Undergrad: 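Sharing a structure, written as structure tokens. Questions coming.
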Number of protein chains: 2
Amino acid sequence: MTVTSVHDPSHREALWELEDAFERGDLVSLFGRCTVSYEGRAASDLGAGDRLLVLKPDGAALVHTDEGRQPVNWQPPGSEHRAAVREGRLRVVSSRTNPDETLTVRFSAVEQLSAMRVTGGRDLELHGSEEDLRTRILERPDLVEPGFEPRETERPSGAGPMDVFGVDADGTPVVVELKRRRVGPDAVGQLARYVRALREELGVEGDGDLEGEGDRDGESAPEVRGVLVAPSVTDRAAERLADRGFAHVALEPAPDG
Amino acid sequence: MTVTSVHDPSHREALWELEDAFERGDLVSLFGRCTVSYEGRAASDLGAGDRLLVLKPDGAALVHTDEGRQPVNWQPPGSEHRAAVREGRLRVVSSRTNPDETLTVRFSAVEQLSAMRVTGGRDLELHGSEEDLRTRILERPDLVEPGFEPRETERPSGAGPMDVFGVDADGTPVVVELKRRRVGPDAVGQLARYVRALREELGVEGDGDLEGEGDRDGESAPEVRGVLVAPSVTDRAAERLADRGFAHVALEPAPDG
DNA sequence: CACTTCATATCGGCG
DNA sequence: CGCCGATGTGAAGTG
């Protein structure tokens, strides 16, 4: 039997089933009327109501209401689950250290408890990620611009690793920042940090990070260029790109949108 | 009866129960052997295995394995759930528009199905958020620095609303950026954007965003100051704060850690 | 709607 | 274990 299920169990029955399930390493689903409290990185309290509590053998705990993709309360993997009957209620506690945090669920009534043996694949094949975008660019560098030559991915810098480093048709160093979706100003800031770090590393004067310094329009170009590759950018991001003298290349992770 | 539960149902039985549950607006929990595919913002495939599928009346769908806080696949609230029996399997499809995306779960065998009527509170009382940190500072501005006077929260600027705007003991404008936990360089970039926008708005020359311009050490101070309030900062963030001439104030959302 | 920012973000990779 | 950045991030607030 891969699933054990009890309907409207007493707290004692529920406790036995829970402890057996923990022992077996089963995935547990508990539904009933409960209150929830959390203390750790923050603190929270949730009044009485019907919720679905999922306890995973890796230590994860999820409290779900009838709304939202996110659990209303949770505990990350690596926690330890314990159960007991106290003051006429079934108490389930999940806690961990580093950081210290504890989730406590107190059931006044359990309406359904299921313990399930889980087997089978967990490996998800995902397509359309930033890595796909990088692969696409390495295979067809001209999509960034004619004459672009990638030299290195994850190239280290004083500001962290840059997505793609290369040179343009003139041999000028180019820092490329990749985003799989439409981006805001933060991505431009990220690109700017890498460009700045590389300018310092190469001892390039550049024209700095400020707009309107006056020596960009015309002949003097920055000696390290920044290119943001993303499907699209917000207006604010576009302004900031212009300020910094960076380019935007509209490109999706996959050939079609 | 607030919970309907069936063990090892036939696909037909499961389908009836599912359709009834959708009709009633119940929360559904389905466990069994299945494959999962998604297509939308990205695309993914997941081979056969035992998983827990949760279907919420608000349109959210969650596929959970025995590991991780996050569902291995999901569909956001606002989606529409449909079920059918096709090719000897129970097929559950959840889809939405804007963006167009579809989650498909195909069960070769359903081992447990529960439909649960959910009532009761969803309102979580949370403490320790950034808003708590703001409240703390507004009540005790001296925690930022002696003589600090908050003037406005969420003050608009060309770079978006700043957390707290005020003046220091000398009457110099101060932009305060709040973070509830330890921060990296991105937070400094965010603060820098606000400071810069305010300098432009006030027509202040300032000393720019670049370090080493030479006119900071000594008499000439920036005419708009930036202060980052957070429990702690990373080394890289500290460097960047120093570059920009910004201050860090170590403070937690709540009086104790 | 789009844009921006917060989150008990979670998660993975690297040093 | 801390730092850093990606995520089909999600969710809230605002214009």
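Predicted model, so just to flag it, every value in this text is computed and none were measured. Residue numbering restarts at 1 for every chain, and letters A, B, ... go by the order of the sequence lines.
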Undergrad: Should R193(A) be listed as having a side-chain N or O under 4.0 Å from OP1 or OP2 of dG5(D)?
TA: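 For R193(A), the contact criterion (side-chain N or O under 4.0 Å from OP1 or OP2 of dG5(D)) is met.
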Undergrad: Among dA6(D), dT4(C), dT8(C), which nucleotide sits nearest the side chain of N73(A)?
TA: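 Among the listed nucleotides, the one closest to the side chain of N73(A) is dT8(C).
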Undergrad: Look at all strands and tell whether N98(B) reaches a base, only sugar-phosphate, or nothing, counting heavy atoms closer than 4.0 Å.
TA: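 It contacts sugar-phosphate atoms only.
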Undergrad: From the list dG8(D), dA6(D), dG10(D), which nucleotide is the closest neighbour of the side chain of Q70(A)?
TA: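 Out of dG8(D), dA6(D), dG10(D), the nucleotide with an atom closest to Q70(A)'s side chain is dG10(D).
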Undergrad: Answer with yes or no whether the side chains of T65(A) and R51(A) bring together a donor and an acceptor at under 3.5 Å.
TA: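 Side-chain D/A pair, R51(A) to T65(A): absent.
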Undergrad: By the 4.0 Å heavy-atom rule, please label A159(B) as base, sugar-phosphate, or nothing.
TA: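 The answer is sugar-phosphate, as A159(B) gets under 4.0 Å only of primed atoms, P, OP1 or OP2.
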Undergrad: Looking at Y194(B), does any N or O in its side chain come under 4.0 Å of the phosphate oxygens OP1/OP2 on dT4(C)?
TA: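 Checking Y194(B) against dT4(C): no side-chain N or O falls below 4.0 Å of OP1 or OP2.
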Undergrad: On DNA chain C, check which nucleotide each of E67(B) and E101(A) is closest to and give me the residue with the more 5' one.
TA: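 Whichever sits nearer the 5' end wins; that is E101(A).
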Undergrad: OP1 or OP2 of dA9(C) sitting under 4.0 Å from any side-chain N/O of W74(A)?
TA: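 So the side chain of W74(A) is outside the cut-off, no N or O lying under 4.0 Å from OP1 or OP2 of dA9(C).
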Undergrad: If you check the A42(B) side chain, which of dA6(D), dC11(C), dG8(D) turns out closest?
TA: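 Within the option list, the nearest is dG8(D).
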Undergrad: Ignoring hydrogens and angles, state whether a donor on the side chain of K56(B) or Q75(B) is under 3.5 Å from an acceptor on the partner side chain.
TA: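 Side chains of K56(B) and Q75(B): no pair found under 3.5 Å.
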Undergrad: Pick base, sugar-phosphate or nothing for Q190(B), based on heavy-atom distances below 4.0 Å to the nucleic acid.
TA: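 It contacts sugar-phosphate atoms only.
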Undergrad: Output the rounded distance in Å from CG (L103(B)) to C1' (dG8(D)).
TA: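 Going from CG in L103(B) over to C1' in dG8(D) covers 11 Å.
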Undergrad: Do we get R89(B) above F107(B)'s six-membered ring, with its NZ or CZ under 6.0 Å from the centre and within 45° of the axis?
TA: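 The answer is no; the distance or angle limit is not met.
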Undergrad: Any idea which of dA9(C), dA2(C), dG8(D) is nearest the R41(A) side chain?
TA: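 Out of dA9(C), dA2(C), dG8(D), the nucleotide with an atom closest to R41(A)'s side chain is dA9(C).
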Undergrad: Base, sugar-phosphate, or nothing for S44(B), non-hydrogen atoms under 4.0 angstrom?
TA: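 Nothing, no heavy atom under 4.0 Å.
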Undergrad: Please work out if P77(B) contacts a base, only the sugar-phosphate, or nothing of the nucleic acid, heavy-atom cut-off 4.0 Å.
TA: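 Here P77(B) touches the backbone only, sparing every base.
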Undergrad: Quick one: L191(A) CG to dG5(D) P, roughly how many Å, whole number?
TA: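 Value for this atom pair: 12 Å.
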Undergrad: Whole Å only: how far is the NZ atom of K179(A) from the P atom of dG5(D)?
TA: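 After rounding, the reported distance stands at 9 Å.
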Undergrad: Distance check: side-chain N/O of S129(B) vs OP1/OP2 of dT8(C), anything under 4.0 Å?
TA: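 No, S129(B) has no side-chain N/O under 4.0 Å of OP1/OP2 on dT8(C).
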Undergrad: Mind calculating the distance between CG (D132(B)) and C1' (dC6(C)) to the nearest angstrom?
TA: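 About 13 Å, once rounded to whole Å.
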Undergrad: Report the residue (L178(B) or R181(B)) whose heavy-atom-nearest nucleotide on DNA chain C is the more 5′ of the two.
TA: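 This one resolves to L178(B).
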Undergrad: Using atom C1' of each nucleotide, how far apart are dT8(C) and dT14(D) to the nearest Å?
TA: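 dT8(C) and dT14(D) have their C1' atoms separated by 25 Å.
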Undergrad: Rounded to the nearest angstrom, tell me the gap between atom CG in L124(B) and atom C1' in dA11(D).
TA: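 Nearest whole value for this atom pair: 13 Å.
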Undergrad: Nearest to the side chain of Y38(A) - dA7(C), dA6(D), dT8(C)?
TA: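 Among dA7(C), dA6(D), dT8(C), the one nearest the side chain of Y38(A) is dT8(C).
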Undergrad: Separation of L62(B) atom CG from dG8(D) atom P, in whole Å?
TA: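 Nearest whole value for this atom pair: 15 Å.
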Undergrad: Without decimals, in angstroms, what is the distance between R182(A) CZ and dT7(D) P?
TA: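 Whole-Å distance recorded here is 18 Å.
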Undergrad: When we call it a touch if two heavy atoms are under 4.0 Å apart, what does G128(B) touch: a base, just sugar-phosphate, or nothing?
TA: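 Nothing: the residue G128(B), judged by heavy atoms under 4.0 Å, touches no strand.
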Undergrad: Judged by modelled atom types alone, do T97(B) and D100(B) share a side-chain donor-acceptor pair under 3.5 Å?
TA: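 The answer is no; no qualifying pair exists.
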Undergrad: In terms of the nearest nucleotide of DNA chain D, which residue is placed more toward the 5' end: P185(B) or G68(A)?
TA: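 Upstream on the strand: P185(B).
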Undergrad: With P as the reference atom in both, quote the distance from dG8(D) to dT5(C) in angstrom, rounded to an integer.
TA: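 It comes out at 22 Å once rounded to the nearest Å.
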Undergrad: Looking at every heavy atom in both P77(B) and R69(A), which two are closest together, and how far apart are they?
TA: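 P77(B) and R69(A) have their closest heavy atoms at CG-N, 3.7 Å.
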Undergrad: So if I take every side-chain heavy atom of L126(B) and compare against dT8(C), dG5(D), dG8(D), which nucleotide ends up nearest?
TA: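 Comparing dT8(C), dG5(D), dG8(D) against the side chain of L126(B), the answer is dT8(C).
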Undergrad: Which part of the nucleic acid, if any, lies within reach of R96(B) when heavy atoms closer than 4.0 Å are counted: base, sugar-phosphate only, or nothing?
TA: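 Since no nucleic acid heavy atom lies under 4.0 Å of R96(B), the category is nothing.
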Undergrad: Assess, by modelled atom type and distance only, whether the side chains of S95(B) and R82(B) contain a donor and an acceptor separated by less than 3.5 Å.
TA: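 Present: a donor and an acceptor within the cut-off.
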Undergrad: Atom CG of D186(B) and atom C1' of dT4(C): how far apart are they, to the nearest Å?
TA: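 One finds 14 Å between C1' of dT4(C) and CG of D186(B), rounded.
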Undergrad: With sugar-phosphate meaning primed atoms plus P, OP1 and OP2, does E177(B) contact a base, only sugar-phosphate, or nothing at under 4.0 Å between heavy atoms?
TA: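 Counting heavy atoms under 4.0 Å across all strands, the contact made by E177(B) is with sugar-phosphate only.
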Undergrad: Could you check R69(A) against Q75(B) and say which one's nearest nucleotide on DNA chain D is further toward the 5' end?
TA: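 The answer here is Q75(B).
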Undergrad: Checking contacts here: which listed nucleotide (dA7(C), dT9(D), dA6(D)) is nearest the side-chain heavy atoms of R180(A)?
TA: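 Of all the options, the side chain of R180(A) is nearest to dT9(D).
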Undergrad: Between the side chains of S44(A) and N73(A), is a donor N or O closer than 3.5 angstrom to an acceptor N or O?
TA: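 On atom types as modelled, these side chains qualify, holding a pair under 3.5 Å.
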